[in-house]
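For reference, the structure is listed below as structure tokens.
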Amino acid sequence: MQQRHTDIAVLGAGSAGLSAWHTAKKYTDEVVLVEAGEYGTTCARVGCMPSKLLIAAAEAAHRVRHASTFGVNVSGIDVDGKAVMARVKGERDRFVGSVLKSMKRIPESHRIRGYARFIQPHTLQVDDHTQLTANAIVIATGSRPSWPGMLESAGDRLIVNDDVFEWDTLPESVAVFGPGVIGLELGQALSRLGVRMRMFGVGGAIGPLQSEKVHQTADEVFNRAFYLDADAEVKHIERQGEGVAITFIERGSGRELTETFDYVLAATGRKPNVDQLDIANAELSLNEHGVPNFNRFTLQCANADGSDSHIFIAGDANQAVPLLHEAITEGQIAARNAANLENVQVGRRNVPLSVVFTEPQIAMVGDNRPALEARYGGCDCIAEGGVSFGDQGRAIVMGENHGYMALFAEHGTGQFLGAELLGPQVEHMAHLLAWALEQKLSVSEMLTMPFYHPVLEEGLRTGLRDLNANLKQGSAITERCMECGPGG
Ligand SMILES: Cc1cc2nc3c(=O)[nH]c(=O)nc-3n(C[C@H](O)[C@H](O)[C@H](O)COP(=O)(O)OP(=O)(O)OC[C@H]3O[C@@H](n4cnc5c(N)ncnc54)[C@H](O)[C@@H]3O)c2cc1C
Ligand SMILES: NC(=O)c1ccc[n+]([C@@H]2O[C@H](COP(=O)([O-])OP(=O)(O)OC[C@H]3O[C@@H](n4cnc5c(N)ncnc54)[C@H](O)[C@@H]3O)[C@@H](O)[C@H]2O)c1
């Protein structure tokens with residue numbers, strides 16, 4: 001057994017762990033990165049990048065299929081599943097390759113391969129070959145898919161996102177459980193690629209949406225494209241022959257149907273990889289899910305006795321905001337503080353921003369409505385405005401005029417607070433709004449910004465004008481912004 005000591009041990013060479021390692025290295029030469037699995041990160045191997053590659057193929061198929069909307073007739077469309085998956089995997093390998101290349105910047109002497117577990121608060125066992133003690137530790141072990149027991153009846157046909165990106169070709173059919181972020185992105189992509197797909201949820205949730213109006217619009221728009229029952233009644237799941245038979249009550253008709261699918265894709269959430277760390281030996285204060293309690297601004301964990309720990313937790317492992325850009329920021333903050341235990345500082349956190357790459361896209365900026373209600377404690381301080389993309393000029397031009405945006409601001413100050421967007425390419429608008437929120441702009445200040453014509457952002461201007469009117473800081477909109485250009 002090798003005995004080793006280091007200033008800082010970083011557990012997990014994912015996006016959070018890598019950003020932690022590089023930050024820590026600025027403060028000390030004694031930083032060890034421990035990785036249990038393959039190098040390459042979840043984002044590049046089975047997350048952000050391969051999912052966007054599959055979506056890109058699906059968009060191509062969708063464009064061709066709907067070219068006749070523009071008077072362009074394409075005879076026949078043939079989705080070559082093998083070619084689709086070959087490109088997904090080929091480009092995915094390129095992204096993984098660039099991560100692997102960047103790993104070379106981390107000397108071998110700073111890396112340990114193996115699964116880390118706590119023996120004591122400062123001591124880790126890595127597989128059965130190394131005992132590592134560290135002055136400070138950054139847990140950056142990520143998360144993994146989780147699913148309810150009922151899906152286990154699908155046997156070897158139960159799959160998760162990781163499995164999709166190993167396919168050599170597309171299957172005939174998939175039942176997706178979980179209309180969350182992963183389910184919506186992958187389910188819609190598969191459907192557009194010609195895979196027979198039904199999507200089942202519980203409790204009615206669709207992605208991260210909270211605004212009733214946006215949620216309702218999403219339910220309608222997605223259901224025009226594919227079968228989505230966000231509050232499904234699934235009676236029975238059984239592994240049968242070459243697939244899985246699912247008995248459910250069909251939305252709309254109310255009929256009990258039994259349909260067979262090649263696979264059941266579990267997209268029912270992810271759980272942080274802290275349950276197999278022997279975390280009890282770290283003597284930390286844990287929440288009801290067994291995840292260490294930590295400070296969101298310092299990433300420092302709390303000891304069981306309430307004092308500050310030498311352990312930090314970053315990225316999906318802490319379950320707070322499981323997004324790539326947050327994982328990187330958290331890795332930096334955690335490592336900076338792990339290297340300065342006597343002078344732990346609050347790190348700068350950006351305003352919440354997330355995008356779901358469906359079509360129409362979903363984007364969330366700032367706190368959502370329930371979070372704002374909680375913050376303002378029912379003081380009637382929040383104004384809401386909104387606009388449909390239904391008759392937005394550029395969206396009509398593109399043949400993508402569906403969706404709705406809800407915008408929030410503070411009464412009195414007129415300060416912009418956040419938004420829920422469902423619409424064409426709202427990823428870009430969401431960035432503008434996040435930047436405006438970072439700058440603490442008021443709605444009237446945002447309205448003084450330039451808006452080109454004809455662009456989707458003119459729809460945003462209409463929404464902001466509606467919000468401004470509801471703030472009682474501007475004139476009410478009686479009709480769309482025709483003086484700003486047609487279809488604004
Ligand atoms: C399908 C999918 C699509 C996504 N799309 C997006 C997107 O479009 N945009 C976005 O912002 N986010 C997206 N995400 C989320 C994003 O991928 C994650 O937030 C991000 O990858 C988390 O990084 P991480 O470093 O916390 O975890 P990871 O990259 O998973 O790294 C954790 C590492 O820790 C290792 N490890 C675990 N336990 C141990 C141990 N005990 N000892 C040593 N090593 C250990 C693991 O092997 C792993 O390498 C997506 C996720 C999925 C699954
Ligand atoms: N575009 C992006 O940024 C992106 C893409 C993919 C993933 N991610 C990240 O990964 C995280 C995890 O994504 P996810 O989709 O696994 O989780 P999620 O929490 O977004 O969605 C899980 C969904 O499963 C549903 N569900 C739970 N139990 C169910 C059951 N028994 N039957 C049917 N449905 C059930 C939930 O109601 C929810 O809608 C996201 O929160 C996000 O942070 C981000």
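Atoms within each ligand, like the ligands themselves, are counted from 1 in listed order. All values below come from the heavy atoms of this structure, side chains included, with hydrogens, waters and symmetry mates left out.
Between Arg196 and Glu172 there is a salt bridge, since a side-chain N of the basic residue sits under 4.0 Å from a carboxylate O of the acidic one. We find that Lys52 and Glu91 are not joined by a salt bridge, their nearest charged nitrogen and carboxylate oxygen being 4.0 Å or further apart. Using a cut-off of 4.0 Å between Lys/Arg side-chain N and Asp/Glu carboxylate O, Lys89 and Asp168 are scored as salt-bridged.
Atoms CH2 and NE2, on Trp21 and His110 in that order, are 5.5 Å from each other to the nearest 0.5 Å.
By heavy-atom distance, the residue among Ser354, Gly178, Ser146 lying nearest atom 25 (C) of ligand 2 is Gly178. Taking only non-hydrogen atoms, the option from Asp229, Leu353, Thr268 nearest to atom 27 (C) of ligand 2 is Thr268. Across the listed options Gly37, Ala36, Cys48, Cys48 owns the non-hydrogen atom lying nearest to atom 50 (C) of ligand 1.
Residue contacts with ligand 2, taken as heavy atom pairs separated by less than 4.0 Å, involve Val355 solely via the backbone atoms N, CA, C and O. Residue contacts with ligand 2 for Trp147 are absent, since no atom lies close enough (heavy atoms, distance under 4.0 Å). Only the side chain of Asn161 comes within contact range of ligand 1, with a heavy atom under 4.0 Å; no backbone atom does.
The shortest side-chain heavy-atom distance between Arg4 and Leu132 falls under the 4.5 Å cut-off.
Considering backbone and side-chain N/O atoms, Leu11 never comes within less than 3.5 Å of an N/O atom of ligand 1. Considering backbone and side-chain atoms together, Phe177 places no N or O closer than 3.5 Å to any N or O of ligand 2. Here's the thing with Ala314: none of its N/O atoms is less than 3.5 angstrom from an N/O atom of ligand 1. When only interatomic distances are considered, the shortest N/O to N/O separation between Ala205 and ligand 2 does not fall below 3.5 Å. Any N or O atom pair closer than 3.5 Å counts here, and Ala16 shares at least one such pair with ligand 1. Between Lys52 and ligand 1, at least one pair of N/O atoms sits closer than 3.5 Å. Residue-to-ligand polar distances place Pro322 within reach of ligand 2: an N/O pair is separated by less than 3.5 Å.
Near Phe357, meaning under 4.0 Å from one of its heavy atoms, ligand 2 places the atoms 1 (N). Of all atoms in ligand 2, listed by their number and element, those nearer than 4.0 Å to a heavy atom of Gly269 are 16 (O), 17 (O), 22 (C). Proximity to Leu323 (heavy-atom distance under 4.0 Å) selects the following atoms of ligand 2: 3 (O), 43 (O), 44 (C).
Distance check for atom 36 (C) of ligand 2: every protein heavy atom is found at 4.0 Å or beyond.
Within a 6.0 Å radius of CD in Glu212, other residues, nucleotides and ligands contribute 12 heavy atoms or fewer.
Heavy atoms of Ala267 come nearer than 4.0 angstrom to ligand 2 in at least one pair. A heavy-atom separation below 4.0 Å is found between Gly201 and ligand 2. By the 4.0 Å heavy-atom criterion, Pro145 is excluded from the residues contacting ligand 1.
Between the side chains of Asn135 and Asp7, at least one donor N or O lies within less than 3.5 Å of an accepting N or O.
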